[in-house]
Peer 1: 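Before I ask anything, here is the structure I am working with.
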Amino acid sequence: MQRSELQQYLQEFLQVDKFRDYAPNGLQVEGKSEINRIVTGVTACQSLIDAAIACQADAILVHHGFFWKSEPQVLVGMKQRRIKSLLVNDINLFGYHLPLDAHPQVGNNITLAVQLGLQEAAPVSSLPQELLWRGYLPHSMSPERFAEWIAAKLGRKPLHLPAPRKDIRTVAWCTGGAQDYIDQAYELGVDAFISGEVSERTFHSAAEQGIHYYAAGHHATELYGIQALGAHLAQQFGLEHTFIDIANPV
């Protein structure tokens with residue numbers, strides 16, 4: 001398919017215009033105009049780019065791309081090497097951040113819910129951009145058992161900040177660096193909150209508000225959305241799709 005066709009489809013499918021984000025969503029580095037083979041990955045690091053070159057990919061789709069608001073604008077060092085690799089090999093780079101977190105079909109939050117077996121998963125509609133989600137475990141678990149459950153499902157042991165409540169049934173979550181949603185999760189009355197990253201202040205929020213918190217890993221919680229998006233495009237347009245996991249313990 002043509003690059004412009006894929007770009008337009010993703011713009012509409014992921015409802016990009018709904019979001020105010022920290023980086024551009026869509027085509028970030030332009031490559032060849034015809035796309036047959038795509039590679040997906042969580043972050044546009046050099047290892048992913050090198051693997052995509054080896055796969056002879058026409059395009060890379062990631063959740064964490066380039067040109068974040070807080071980063072320097074100059075193309076030097078690591079950033080220059082990454083972008084040079086894309087340009088020399090004529091590979092397109094597409095990045096989708098918040099739109100991929102929130103999407104109801106292939107988003108990080110819904111695919112994490114599926115991975116963890118959470119039922120009635122849905123965004124909290126009172127919050128903007130539908131980034132905080134809520135659902136239920138199929139049956140109550142002790143906090144310790146739930147930590148083991150997360151570890152088994154994600155392949156990574158979570159950091160558990162305990163609270164007085166004994167069992168967990170209701171859960172709120174937001175993937176990645178969303179630890180500060182713990183306060184909104186508490187207002188929902190849920191037993192536990194999951195995100196990827198944790199901050200020093202999160203410990204006090206969990207302890208003082210009596211809500212169990214699980215930091216399951218930024219990378220580990222965002223593995224599934226970009227895979228689902230690639231699989232969707234492969235099915236929709238007959239593209240060759242390869243997901244490449246560049247392991248990251250954070």
Peer 1: Are more than 12 heavy atoms from other residues, nucleotides or ligands located less than 6.0 Å from atom NZ of Lys18?
Peer 2: yes

Peer 1: Salt-bridge test for Asp191 and Arg169: reply yes if a basic N is under 4.0 Å from a carboxylate O, no otherwise.
Peer 2: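 Salt bridge absent between Asp191 and Arg169.
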
Peer 1: Rounded at 0.5 Å granularity, tell me how far CD1 in Ile182 sits from NE2 in His212.
Peer 2: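 It comes to 11.0 Å.
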
Peer 1: Which pair of non-hydrogen atoms, one from Leu98 and one from Asn25, has the smallest distance, and what is that distance?
Peer 2: N-OD1, 4.4 Å

Peer 1: Test Leu188 against Val124 for side-chain contact (heavy atoms from CB on, under 4.5 Å), laying out the working first.
Peer 2: CA-CA 9 Å; Leu188 296 174; Val124 179; 3.6 Å; yes

Peer 1: Is it the case that the side chains of Ser195 and Tyr213 hold a donor-acceptor pair, with the cut-off being a distance below 3.5 Å and no angle test?
Peer 2: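 Yes - a donor-acceptor pair under 3.5 Å links their side chains.
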
Peer 1: When you group the ILVMFWY residues by side-chain heavy-atom contacts below 4.5 Å and let the links chain together, are Leu229 and Met1 in the same group?
Peer 2: yes

Peer 1: Going through the checks in order, is the side-chain contact (heavy atoms from CB on, under 4.5 Å) test met by Arg20 and Gln129?
Peer 2: CA-CA 9 Å; Arg20 296 177 60 188; Gln129 303 193 122; 4.2 Å; yes

Peer 1: Please check this pair: side chain of Tyr214 against backbone of Pro143, looking for a donor-acceptor N/O pair closer than 3.5 Å.
Peer 2: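 Yes.
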
Peer 1: Return the minimal non-hydrogen interatomic distance between Ile244 and Ala51, and the atom names on each side.
Peer 2: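 Minimum heavy-atom contact is CD1-CB, 3.5 Å.
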
Peer 1: May I ask you to check whether over 12 heavy atoms, not counting those of Tyr22, lie within 6.0 Å of atom OH?
Peer 2: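 Counting other residues, nucleotides and ligands, OH of Tyr22 stays at 12 neighbours or fewer.
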
Peer 1: Has Arg37 got a side-chain atom pairing as donor or acceptor with Cys55's backbone, closer than 3.5 angstrom?
Peer 2: yes

Peer 1: If you measure only the distance, is there a donor-acceptor pair under 3.5 Å linking the side chains of Asn108 and Asp101?
Peer 2: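 Note: Asn108 and Asp101 side chains meet the donor-acceptor criterion.
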
Peer 1: Would you compute the distance between atom CG of Leu116 and atom CG of Leu137 and round it to the nearest 0.5 angstrom?
Peer 2: 8.5 Å

Peer 1: Using a 6.0 Å cut-off, check whether atom OH of Tyr9 has over 12 heavy atoms from anything other than its own residue.
Peer 2: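 For Tyr9, atom OH is crowded (more than 12 foreign heavy atoms under 6.0 Å).
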
Peer 1: Trp149 versus Met141: any side-chain heavy-atom pair under 4.5 Å?
Peer 2: yes

Peer 1: Evaluate the side-chain hydrogen bond (donor to acceptor under 3.5 Å, both in side chains) criterion for residues Gln209 and Asp183: first the C-alpha distance (whole Å), next the side-chain angles of each, then the deciding distance (0.1 Å), finally the verdict.
Peer 2: CA-CA 8 Å; Gln209 298 182 105; Asp183 298 325; 2.9 Å; yes

Peer 1: Whether the Ser199 and Gln179 side chains hold a donor-acceptor pair (N or O, under 3.5 Å, no angle test) is what I'd like checked.
Peer 2: yes

Peer 1: Considering only NZ, NE, NH1 and NH2 on the basic side and carboxylate oxygens on the acidic side, decide whether Glu148 and Lys157 come within less than 4.0 Å.
Peer 2: no

Peer 1: Enter the distance from Glu120:CD to Thr170:OG1 here, rounded to the nearest 0.5 Å.
Peer 2: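 It comes to 11.5 Å.
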
Peer 1: Mind checking whether Asn92 and Ile35 have side chains closer than 4.5 Å, heavy atoms only?
Peer 2: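 Side-chain contact under 4.5 Å: yes.
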
Peer 1: Less than 4.0 Å between a side-chain N and a carboxylate O, is that true for Arg3 and Asp58?
Peer 2: no

Peer 1: Using distance alone, with no hydrogens and no angle criterion, decide if His218 and His64 have a side-chain donor and acceptor under 3.5 Å apart.
Peer 2: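 Note: His218 and His64 side chains meet the donor-acceptor criterion.
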
Peer 1: Flag yes if more than 12 heavy atoms outside Gln56 fall under 6.0 Å of its CD atom; otherwise flag no.
Peer 2: no

Peer 1: Decide whether Phe193 and Leu161 are clustered together by the hydrophobic rule: side chain heavy atoms of Ile, Leu, Val, Met, Phe, Trp, Tyr closer than 4.5 Å, transitively.
Peer 2: yes

Peer 1: Between Ile38 and Leu14, is there shared hydrophobic-cluster membership here, with clusters defined by ILVMFWY side-chain heavy atoms closer than 4.5 Å?
Peer 2: yes

Peer 1: Can you establish whether the number of heavy atoms outside Gln119 located under 6.0 Å from its atom CD is more than 12?
Peer 2: yes

Peer 1: How close do Arg156 and Ala220 get, counting heavy atoms only, and between which atoms?
Peer 2: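 That would be CD-CB, 3.8 Å.
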
Peer 1: Checking Phe243 against Leu223 for the side-chain contact (heavy atoms from CB on, under 4.5 Å) test, could you report, in this order, the C-alpha distance in whole Å, the side-chain angles of both residues, the deciding distance, and whether it holds?
Peer 2: CA-CA 10 Å; Phe243 170 73; Leu223 275 171; 3.8 Å; yes

Peer 1: Verify whether one side chain among His241 and Thr40 offers a donor that lies under 3.5 Å from an acceptor in the other.
Peer 2: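 There is such a pair (donor and acceptor under 3.5 Å, judged by atom type) between the side chains of His241 and Thr40.
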
Peer 1: When you group the ILVMFWY residues by side-chain heavy-atom contacts below 4.5 Å and let the links chain together, are Leu93 and Leu75 in the same group?
Peer 2: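 In one cluster with Leu75: Leu93, yes.
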
Peer 1: Looking at Phe19, Phe66, Trp68, which hits ring pair (Phe, Tyr, Trp, His ring centres under 6.0 Å) with His97?
Peer 2: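 Considering Phe19, Phe66, Trp68, a ring pair (Phe, Tyr, Trp, His ring centres under 6.0 Å) with His97 is found only for Trp68.
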
Peer 1: Is it the case that Glu12 and Gln8 place a side-chain donor and acceptor less than 3.5 Å from each other?
Peer 2: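 Yes, a side-chain donor-acceptor pair sits under 3.5 Å.
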
Peer 1: If we only count heavy atoms from C-beta on, is the Leu48 to Asp50 side-chain gap below 4.5 Å?
Peer 2: no

Peer 1: Using the rule given for side-chain contact (heavy atoms from CB on, under 4.5 Å), can you reason through Ile194 versus Val171, listing the C-alpha separation, both sets of side-chain angles and the distance that settles it, and then say yes or no?
Peer 2: CA-CA 8 Å; Ile194 303 169; Val171 181; 3.8 Å; yes

Peer 1: Where is the tightest heavy-atom contact between Pro138 and Gly117, given as atom of each residue plus distance?
Peer 2: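 Reported closest heavy-atom pair: CD-O, 3.5 Å.
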
Peer 1: Side-chain contact test, heavy atoms from C-beta onward, threshold under 4.5 Å: evaluate it for Val16 versus Leu10 and give yes or no.
Peer 2: no

Peer 1: Please confirm whether the backbone N or O of Lys32 pairs with a side-chain atom of Asp90, one donor and one acceptor, at under 3.5 Å?
Peer 2: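 Flag set: sc Asp90 to bb Lys32 pair under 3.5 Å.
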
Peer 1: Please answer whether the main-chain N or O of Asp21 pairs with a side-chain N or O of Lys69 as donor and acceptor at a distance below 3.5 Å.
Peer 2: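 Yes.
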
Peer 1: Find out if a path of hydrophobic residues (ILVMFWY) with successive side-chain heavy-atom gaps under 4.5 Å connects Val42 to Tyr96.
Peer 2: yes

Peer 1: Any non-hydrogen side-chain atom of Met78 less than 4.5 Å from a side-chain atom of Gln46?
Peer 2: no

Peer 1: Kindly compute the distance separating OG1 (Thr242) from CD (Gln227), expressed to the nearest 0.5 Å.
Peer 2: 11.5 Å

Peer 1: Judged by atom type as modelled, is there a donor-acceptor pair below 3.5 Å linking the side chain of Gln15 to the main-chain atoms of Gln11?
Peer 2: no

Peer 1: Under the 3.5 angstrom rule, does the side chain of Asn89 hit a backbone N or O of Ile91 as a donor-acceptor pair?
Peer 2: no

Peer 1: Under a 3.5 Å cutoff, is there a donor and acceptor pairing between the side chains of Asn36 and Glu240?
Peer 2: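 Not at all, the side chains of Asn36 and Glu240 share no donor-acceptor pair under 3.5 Å.
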
Peer 1: Is Trp133 reaching over with its side chain to a backbone N or O of Ala121, donor-acceptor style, under 3.5 angstrom?
Peer 2: no

Peer 1: Please find out if less than 6.0 Å separates the ring center of Phe13 from that of His103.
Peer 2: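 For Phe13 and His103, the ring centres are under 6.0 Å apart.
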
Peer 1: Please say which of Leu131, Leu100, Asn109, Thr111 ends up in a side chain to side chain contact (heavy atoms under 4.5 Å, CB included) with Thr175.
Peer 2: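 With Thr175 as partner, Leu131, Leu100, Asn109, Thr111 yield a single side chain to side chain contact (heavy atoms under 4.5 Å, CB included), made by Asn109.
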
Peer 1: Determine whether Val106 and Tyr224 make a side-chain contact, defined as any pair of heavy atoms from C-beta on separated by less than 4.5 Å.
Peer 2: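 A side-chain contact is absent here, since even the closest heavy-atom pair is not under 4.5 Å.
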
Peer 1: Looking at side-chain heavy atoms only, is the closest gap between Ile110 and Pro104 below 4.5 Å?
Peer 2: no

Peer 1: Report yes if some heavy atom in the side chain of Ile168 is under 4.5 Å from a heavy atom in the side chain of Val190; otherwise report no.
Peer 2: no

Peer 1: Would you name the heavy atoms of Ile150 and Ala216 that are closest together and state the gap between them?
Peer 2: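 Minimum heavy-atom separation between Ile150 and Ala216: CG2-CB, 4.0 Å.
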
Peer 1: For Gln115 and Lys153, which heavy atoms make the closest approach, and how far apart are they?
Peer 2: NE2-O, 3.1 Å

